[in-house]
Amino acid sequence: MSFFQYKALKGMQDILPPDIYLWQKVETAAREVFSLYGFQEIRPPVVESTNVFTRSIGENTDIVEKEMYTFTDKGDRSISLRPEGTASVVRCYVEKNLHTLPSPQKFYYAGPMFRYERPQSGRFRQFYQIGVEAFGDAGPRIDAEVISMLRHCLLRIGLKDITFNVNSIGCPECRPAYREKLTEFFAGGLDSLCPDCNRRQHTNPLRILDCKVDRCVDMRKGAPRVTDYLCNGCRTHFNGLLSFLELLGISCTVNPDMVRGLDYYTRTTFEVTSENLGAQNAVAAGGRYDRLVDEFGGPETPAIGFAMGMERIIELLRNSASHDFPAPDVFIAVIGDLAAREGLVIADRLRGKGFWVELGDVGNSLKSQMRRADRLSSKYVFIIGDDELNSGRLKWKKLSDSSQGEVSMFEITDFLLKQSS
RNA sequence: GUGAGCGUAGUUCAAUGGUUAGAGCACUGGAUUGUGGUUCCAGUUGUUGGGGGUUCGAGUCCCCUCGCUCACCCCA
């Protein structure tokens, strides 16, 4: 260990093989499933004007108040690394007048997000999300489709033991009244609530419903429930969603205590959690945001979306099944400099035919080259030495069953094609 | 931002305050000439995170600092 070391920044990690294959698997599964529902990829920038985020996420949220990576650029503009994806997509939707295209417009994105937080299990300063957004459909059917898509995606990835929660947090018409009811309910018992909840009473009373402290859990028994205070529009929408979910056979718990952090959500919110994660147990979460496009200066446009937390999905995947990682088709072991030259030529030819070929180091013994071939889980080893150069026939060995034989150097491709078929 | 735990070889971990800080894994070579996985032998690897203090003597005790981990807060 040397005195000074370059290290990745706190909360930022290198993603390496073999993990990277899990990442690719998840990304591929998501793309495939999303495309079945007509969602198309877009790639907004990772950096935006700071106010893109402050306006949408909410001035008073922790994300905006203390978690954003905000800089001043050389033109004295305040810019920020995106802490989440929706704001950028909405900005893009409005800026590029995408509402002029036939509705609904459905997009997905994938990439890194940045929040300056203390890292812990399942939480990082640079973390990856895959998210989707559907614009221009106000009805509950699209909500059900989006939730169904999320479910299909997670199933395709292979996640088990996950729980779906849904809720409706109302709209600007009915939520204020509910919020007031809730504040009244807790007002009498502030002494019994934890310090955090006393603060929440003023900042965001809905969060008290989410508190883990025992006495707060006791206190909120009998508290008014959002779902009992929805206006007619929100109630109809929520009932519609629930009936569609039932129609699709998606088991989903209605959880009136589920609160979402971002200010822009209206009506439907949902969350997928897993018991097999740490305290940060949300695998994916999302909801409807019917006012956001309007707030960005676009036409009133209903919208709904969700984001999946890549690291958390990978964590679950890593600990569940065993995984097959890619391995070389052929390892060429070489003995002597002439054989090494021939091996290089053969490797080049085979790679041109689409085979993954690894070359042994002529400086190492055959035993060591064989060992390396085995460690790489190579399917075949080809051995080239003086004998093979003279005869024009190389030795092959199949590592899985130790079978071996000879093949003409001119028939290697056919040999491999025949073996793999 | 708050709290707790932990920093020893590339890695996983040992070492009652007492010689020259050890072992597994990994890596390289070998065990009848050119054959992997299991076995055996040999070799390579360290300012014990950094700094200060206590002590005849510190990997071990104390203080500071840096880093990692988990939890709170918040959130994917």
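Residue numbers start from 1 in every chain, and the chains themselves are labelled A, B, ... in the order their sequence lines are given, proteins ahead of strands. Computation of the quantities below employed the complete heavy-atom set of this structure, encompassing side-chain atoms and omitting hydrogens, waters and symmetry-equivalent molecules.
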- Distance test, side-chain N/O of A:R115 to OP1/OP2 of B:C73, below 4.0 Å: no
- Task: Using the C1' atoms only, state how far B:A58 lies from B:U16, rounded to an integer number of Å.
- Result: 14 Å
- Task: Would you indicate what A:V283 reaches in the nucleic acid, counting non-hydrogen atoms under 4.0 angstrom: base, sugar-phosphate, or nothing?
- Result: sugar-phosphate
- Query: Taking 4.0 angstrom as the limit, do A:K66 and A:E117 come out as a salt bridge?
  - Reply: no
- Among A:E406, A:K395, A:R393, side chain to side chain contact (heavy atoms under 4.5 Å, CB included) partner for A:E388: A:K395
- Query: Quick one: do A:D218 and A:R215 make a salt bridge, cutoff under 4.0 Å?
  - Reply: no
- Task: Under a 3.5 Å limit for both distances, which nucleotide forms a Watson-Crick or G-U wobble pair with B:G67, could you say?
- Result: B:C6
- Message: Considering every strand and a 4.0 Å limit on heavy-atom distances, what is the contact class for A:D387: base, sugar-phosphate, or nothing?
- Response: base
Write out a two-atom table: protein N or O, nucleotide N or O from nucleotides 64-68 of chain B, distance below 3.5 Å.
from  : atom 1 : to    : atom 2 : distance (Å)
B:G67 : O2'    : A:K7  : NZ     : 3.0
B:C68 : OP2    : A:K10 : NZ     : 3.0

- Item | Separation of atom CG in A:L16 from atom P in B:G10, rounded to whole Å | 18 Å
- Side chain A:R115, main chain A:Q126, donor-acceptor under 3.5 Å: no
- Ring-ring centroid check A:Y108 A:F34, cutoff 6.0 Å: yes
- Message: At less than 4.0 Å, is any side-chain N or O atom of A:K66 found next to OP1 or OP2 of B:C74? Yes or no.
- Response: no
